[in-house]
2 protein chains.
Amino acid sequence: MAYRRTPAVVSRLEDKRARILAAARSLVAEGGWRRAHIATVAETAGMATGTVYRYFPSKAELFAEVLTNVSRRERDVVAAIVDGDGSPAARLAGAVSAFAKRALRGRRLAYALIAEPCDPEIDRARLFWRAALGEEFVRLVRIGQDQGAFRRGDPRLAASCVVGALMEALVGPHAPDPIEDDATAERLVAEVTEACLAIVTRLPARGIGRIA
Amino acid sequence: MAYRRTPAVVSRLEDKRARILAAARSLVAEGGWRRAHIATVAETAGMATGTVYRYFPSKAELFAEVLTNVSRRERDVVAAIVDGDGSPAARLAGAVSAFAKRALRGRRLAYALIAEPCDPEIDRARLFWRAALGEEFVRLVRIGQDQGAFRRGDPRLAASCVVGALMEALVGPHAPDPIEDDATAERLVAEVTEACLAIVTRLPARGIGRIA
DNA sequence: TCAAGAAATGAACCCTGGCTCACTTAGTGA
DNA sequence: TCACTAAGTGAGCCAGGGTTCATTTCTTGA
């Protein structure tokens with residue numbers, strides 16, 4: 001005797017939620033946070049602004065979910081490599097280049113999720129996932145140090161340097177913008193990987209003299 | 001027979017301009033961009049909001065000037081070291097640790113100027129100066145490569161990695177926040193310096209096996 | 001002292017963009 | 001078909017904060 005949540009209805013609702021998420025994600029991927037307005041999301045998803053609020057309590061939560069979905073996947077990819085086998089160096093190289101390749105594929109999105117100025121509420125989620133990604137590298141650095149393959153030192157610091165180098169070179173505001181061809185991209189990934197590896201690997205014995 | 005721009009007047013005007021800049025800078029240094037409102041600047045400088053607009057055409061230009069003043073100095077410090085003498089490695093170590101020390105001294109300001117989400121118009125100035133800083137490292141990497149001290153490869157990429165590692169480790173959102181004592185700070189600077197050096201230095205010959 | 005014009009003031013303006021809510025539309029079971 | 005209820009709508013509300021401008025307060029030279 002009324003509107004009931006039949007399976008068909010539920011399915012339609014879930015579909016709509018997914019459409020909103022997809023629209024939001026695609027907007028961020030195209031124009032970054034600047035273009036990510038609820039009104040635009042609604043329009044892109046083909047509905048009214050009010051409708052979006054039937055599925056998400058606020059702009060921040062909507063975009064935080066977008067961010068979480070993407071970031072978790074990236075984190076998991078890296079985590080799987082960290083937990084894989086091979087020498088620590090090989091694993092680090094693998095993790096870095098895997099991340100690098102994925103980031104290059106969706107540069108605008110990666111930049112938005114990692115570095116672009118954004119709403120402080122969304123920023124909280126971003127920091128969380130950035131930390132989570134960093135944590136994977138910390139784990140790997142610890143493994144490498146324990147096996148004597150990596151230089152001693154604060155593993156969190158080393159991991160920070162790796163992540164920083166990675167981010168800056170690939171998706172930072174001054175990263176080479178249009179990746180012309182695959183060869184260039186591959187070369188870029190290879191060099192960044194080498195740099196990250198160098199950060200954690202033992203230095204060759206060489207005097208650099210008095211510093212500073 | 002009227003108000004003239006006597007030297008005394010000009011001096012007072014310049015003084016006021018300086019006070020506005022100082023207030024703006026100190027606000028950013030304390031609370032980052034979040035607190036950096038024209039009204040607050042005016043209050044801090046002891047004047048009305050409208051007065052600020054007699055000296056600066058817009059919020060963006062005011063803060064861009066703040067940013068430029070600070071950034072130029074940092075760039076110059078690094079540039080001087082790059083142009084100094086000593087081996088390329090020693091110069092890189094010097095530049096990195098000089099930058100690191102200065103950044104640690106004013107962490108909040110450094111974070112705001114380097115990484116904190118901010119107004120897009122201010123962001124343009126920030127990108128400019130970040131590029132300028134990067135350029136100094138590019139020059140140094142080129143020198144090192146020419147002398148055979150550094151690994152071959154795209155110098156801009158290597159410089160990006162250095163800058164990224166530096167920024168992330170020192171002022172990134174996950175940098176160790178309260179630097180307890182000088183010894184800790186010094187240790188931090190030393191490790192970051194070592195990491196940056198490693199990025200550009202030749203790797204020891206060691207097989208890491210098949211990568212990825 | 002006084003006229004003239006620059007400097008200072010700050011309340012009001014206005015634009016942006018997230019969010020609401022009174023109303024309309026549509027799906028459901030009897 | 002019809003009563004009932006959920007889903008959808010979008011114009012308008014509202015807050016934050018940059019900017020303006022009519023008015024007031026100096027400062028100066030005569």
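Per chain, numbering begins at 1; letters A, B, ... match sequence-line order.
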> With sequence neighbours left out, which residue pairs that include part of residues 56-78 of chain A fulfil the ring pair (Phe, Tyr, Trp, His ring centres under 6.0 Å) condition?
Replying inline: A:W33-A:F63
>> Give me each pair satisfying ring pair (Phe, Tyr, Trp, His ring centres under 6.0 Å) with a member in residues 97-116 of chain A, each pair once, sequence neighbours excluded.
In response: none
>> Across nucleotides 9-19 of chain C, 5' to 3', mark each nucleotide with B, S or - according to how protein heavy atoms within less than 4.0 Å reach it.
In response: BBB-----SSB
Give the rounded distance in Å between these two atoms: [atom1] of [X] and [atom2] of [N].
X: B:D119; N: D:dG17; atom1: CG; atom2: C1'; answer: 11 Å
X: A:E14; N: D:dA7; atom1: CD; atom2: P; answer: 12 Å
X: B:E61; N: D:dG18; atom1: CD; atom2: P; answer: 15 Å
X: B:L13; N: C:dA8; atom1: CG; atom2: C1'; answer: 11 Å

> Should B:R108 and B:E116 count as an ion pair when the cut-off is N to O under 4.0 Å?
Replying inline: yes
>> Under 4.0 Å between a side-chain nitrogen and a carboxylate oxygen: does that hold for A:E194 and B:R151?
In response: yes
> Can you list, by residue number, the residues of residues 19-30 of chain A that have a non-hydrogen atom closer than 4.0 angstrom to DNA chain D?
Replying inline: none
>> Give me each pair satisfying salt bridge (Lys or Arg N to Asp or Glu O under 4.0 Å) with a member in residues 17-33 of chain A, each pair once, sequence neighbours excluded.
In response: A:R17-A:E65
>> Test salt bridge (charged side-chain N to carboxylate O under 4.0 Å, His left out) on B:R139 and B:E135; report intermediate values, then the result.
In response: CA-CA 6 Å; B:R139 281 176 48 219; B:E135 205 46 53; over 6 Å; no
> How far does CZ of B:F128 sit from CZ of B:R75, to the nearest 0.5 angstrom?
Replying inline: 7.5 Å
>> Please enumerate all residues that pass side chain to side chain donor-acceptor pair (under 3.5 Å) together with B:T68, with sequence neighbours excluded.
In response: B:W129
> Checking all strands, does A:Y55 fall into the base, sugar-phosphate, or nothing category for heavy-atom contacts under 4.0 angstrom?
Replying inline: sugar-phosphate
